[in-house]
Amino acid sequence: MPRWVLALLRWFNTHRRAMPWRDAPSPYAVWISEMMLQQTQVETVIPYFDRFIARFPDVATLAEADQDAVLKLWEGLGYYSRARSLHRAAQAIVGQHKGLVPDRYETLLTLPGIGPYTAAAIASIAFDQATPSVDGNVLRVMSRFRGMRVDIKAAGVADDIRSYLSKRIPRSSPGDFNQALMELGALVCRPKNALCEQCPLRPSCKAAQQHAVSEIPLKVARAKVPHVDVLALVVLHRGRYLLVKRKETKMLGGLWEFPGGKREPGETLAAAAARTCREASGVTVVPVKKLGILNHAYSHFKITLHVFEAARTGGRIRGGGDYSSCEWVQPLALAQRAMPITARRVVNRWLRS
DNA sequence: AAATCGGGGTT
DNA sequence: AACCCAGATTT
């Protein structure tokens, strides 16, 4: 075993953060936590994890739940395909794996939402399989450690590091080894302002030796994200609000929001309001009053959401565009619907006073 | 290989 | 405002 591996494990023993899924690490808890942790910081996940485990304590409970209930507990966490995949995987585990989370890397890979990172994390942490889990932290830590002046998002880099680590991951505590590398990336070998003087890997770190820690990994310019104006219509009719449900295959799939859509070039806000509401829900409206605007940034575009109060003039509810279905919902029932953060903010800002 | 898919924390 | 986060899936 290389000397740095032992130094890393010793460091982890004294610096590991407390996390609820580390208290009683059942395979189910490890799986749920790893799904939530994809592209999401530890501190953000903790309250979601606690609520999720309390509501869905085991695989069978999750498999039997309605997707709406699963999405509701995911509300605000983002990347909602993770929740839909998690739900489908639970049903696959019940139907094809006797209700037990698979213990082999290759089997885990066959489940929805589980890729190379998550399969390795579950296999190592829950089942002591010596498979390296390579996430963004590990890519940064190891690219620095080995002095790799590369774009860590480029093809083949993860495979290279996975291969490198597979020859060095200890058979005795592979889960701790994987978690230690990630913990080190989060606490010490940070993207900016790395704390090299605290690092157990410093004696062998190529980037530290070359005074190049701030230059590795290579930073690559990102494409600028476009901006679009989006309409949202708050339609109150006979004491109920009009909501539309987004198609599963679309962004924010399975979530409920106020009808609306993108404004086309040259289109007035009022015209766009009427058109997008009709196309999304089948209900025709006239905007009555502008409630306000919300700005929001997604991964690959930014929006300004123009929120209008509108009055129904005709039409009947139906799905359309990005939307699969449509309902009139009582005000008190709005809280139970899983909504994207923008729609939830509309409720909290303009429907509560 | 590149694009898609959220929301929030950090700098 | 840019970058990043215990990535996976689709195009």
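Order of the sequence lines fixes the chain letters, A, B, ..., with proteins taken first and strands second; residue numbering starts at 1 for each chain.
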- Message: Strictly below 4.0 Å: does Tyr80(A) bring a side-chain N or O up to OP1 or OP2 of dG7(B)?
- Response: yes
- Query: Expressed in angstrom and rounded to an integer, what is the separation of Leu187(A) atom CG from dT10(B) atom C1'?
  - Reply: 14 Å
- Message: What's Met35(A) touching, base or sugar-phosphate or nothing? Going by heavy atoms closer than 4.0 Å.
- Response: nothing
- Message: For a quick check of understanding: with a heavy-atom distance under 4.0 Å over all strands, which category does Leu77(A) fall into, base, sugar-phosphate or nothing?
- Response: base
- Message: I need the single residue from Trp21(A), Trp31(A), Phe49(A) that forms a side chain to side chain contact (heavy atoms under 4.5 Å, CB included) with Met36(A). Which is it?
- Response: Phe49(A)
- Message: For dT4(B) and His300(A) - does any side-chain N or O of the residue sit under 4.0 Å from the phosphate oxygens OP1/OP2?
- Response: no
- Sugar-phosphate, base or nothing in reach of Ser133(A), heavy atoms under 4.0 Å: nothing
- Calculate the interatomic distance between Lys192(A) atom NZ and dG9(B) atom C1'; express it in whole Å. 12 Å
- Query: How many angstroms lie between atom CD1 of Ile341(A) and atom CD of Glu257(A), to the nearest 0.5 angstrom?
  - Reply: 12.5 Å
- Item | Closest to side chain of Pro191(A), choosing from dA6(C), dG9(B), dC4(C) | dC4(C)
- Item | From dG7(B), dA6(C), dT11(B), nucleotide with atom closest to Gln179(A) side chain | dA6(C)
- If you check the Asn137(A) side chain, which of dA8(C), dT11(B), dC5(C) turns out closest? dC5(C)
- Query: In whole angstroms, how far is the C1' atom of dG7(B) from the CE atom of Met339(A)?
  - Reply: 17 Å
- Give one of base, sugar-phosphate or nothing for Tyr298(A), where a contact means two heavy atoms less than 4.0 Å apart. sugar-phosphate
- Task: Round to a whole Å and report the spacing from CZ of Arg82(A) to C1' of dT9(C).
- Result: 13 Å
- Tell me: CZ of Arg344(A) to P of dG7(B), nearest whole Å? 12 Å
- Item | P gap between dA6(C) and dT4(B), integer Å | 24 Å
- Message: At less than 3.5 Å, do the side-chain atoms of Tyr117(A) and the base atoms of dG7(C) form a donor-acceptor pair?
- Response: no
- Message: At less than 4.0 Å, is any side-chain N or O atom of Thr40(A) found next to OP1 or OP2 of dG8(B)? Yes or no.
- Response: no
- Message: On the nucleotide dA1(C), are OP1 or OP2 found under 4.0 Å from the side-chain N or O atoms that Arg222(A) carries?
- Response: no
- For the pair made of CG in Asn295(A) and C1' in dA1(C), what is the distance, rounded to whole Å? 14 Å
- Identify whether any heavy atom of Ser85(A) sits under 4.0 Å from a base atom; if not, whether one sits that close to sugar-phosphate; answer base, sugar-phosphate or nothing. nothing
- Which comes earlier along DNA chain B counting from the 5' end, the contact point of Ser299(A) or that of Gly156(A), where each point is its nearest nucleotide? Gly156(A)
- Task: Remember a base hit wins even if backbone is also touched, and classify Ala121(A) as base, sugar-phosphate or nothing at under 4.0 Å, heavy atoms.
- Result: nothing
- Task: Determine the Euclidean distance between corresponding P atoms of dA1(C) and dC5(B); express it in Å to zero decimal places.
- Result: 23 Å
- Item | dG7(C) OP1/OP2 closer than 4.0 Å to side-chain N/O of Gln39(A) | yes
- Dump the intermediate steps for side chain to side chain donor-acceptor pair (under 3.5 Å) on Asp160(A) and Ser163(A), then the final yes or no. CA-CA 5 Å; Asp160(A) 176 39; Ser163(A) 170; 5.6 Å; no
- Item | Check against side chain to side chain donor-acceptor pair (under 3.5 Å), Arg82(A) and Gln39(A) | CA-CA 11 Å; Arg82(A) 293 182 293 174; Gln39(A) 294 292 286; over 6 Å; no
- Is the backbone N or O of Met339(A) less than 3.5 Å from a side-chain atom of Glu75(A), with the two atoms forming a donor-acceptor pair by type? yes
- Contact class for Met182(A) (heavy atom, under 4.0 Å): base, sugar-phosphate, or nothing? base
- Query: Can you check the Arg162(A) CZ to dG7(C) P distance for me, whole Å?
  - Reply: 12 Å
- Message: Please tell me whether Tyr298(A) and His296(A) form a close aromatic pair, meaning their ring centres lie under 6.0 Å apart.
- Response: yes
- Mind checking Arg345(A) for me? I need base, sugar-phosphate or nothing, with any heavy atom below 4.0 Å counting as a touch. sugar-phosphate
- Of Met251(A) and Arg190(A), the one whose closest DNA chain B nucleotide lies more 5': Met251(A)
- Message: So Glu183(A), base contact, sugar-phosphate only, or nothing? Heavy-atom distance under 4.0 Å.
- Response: base
- Task: Take atom NZ of Lys153(A) and atom P of dC5(C), then tell me their distance rounded to the nearest Å.
- Result: 9 Å
- Salt bridge or not for Arg17(A) and Glu183(A), using N-O below 4.0 Å? yes
- Query: Roughly how far apart, to the nearest Å, are dT11(C) and dG6(B) at atom P?
  - Reply: 15 Å
- Is the distance from OP1 or OP2 of dG7(B) to the nearest side-chain N or O of His296(A) less than 4.0 Å? yes
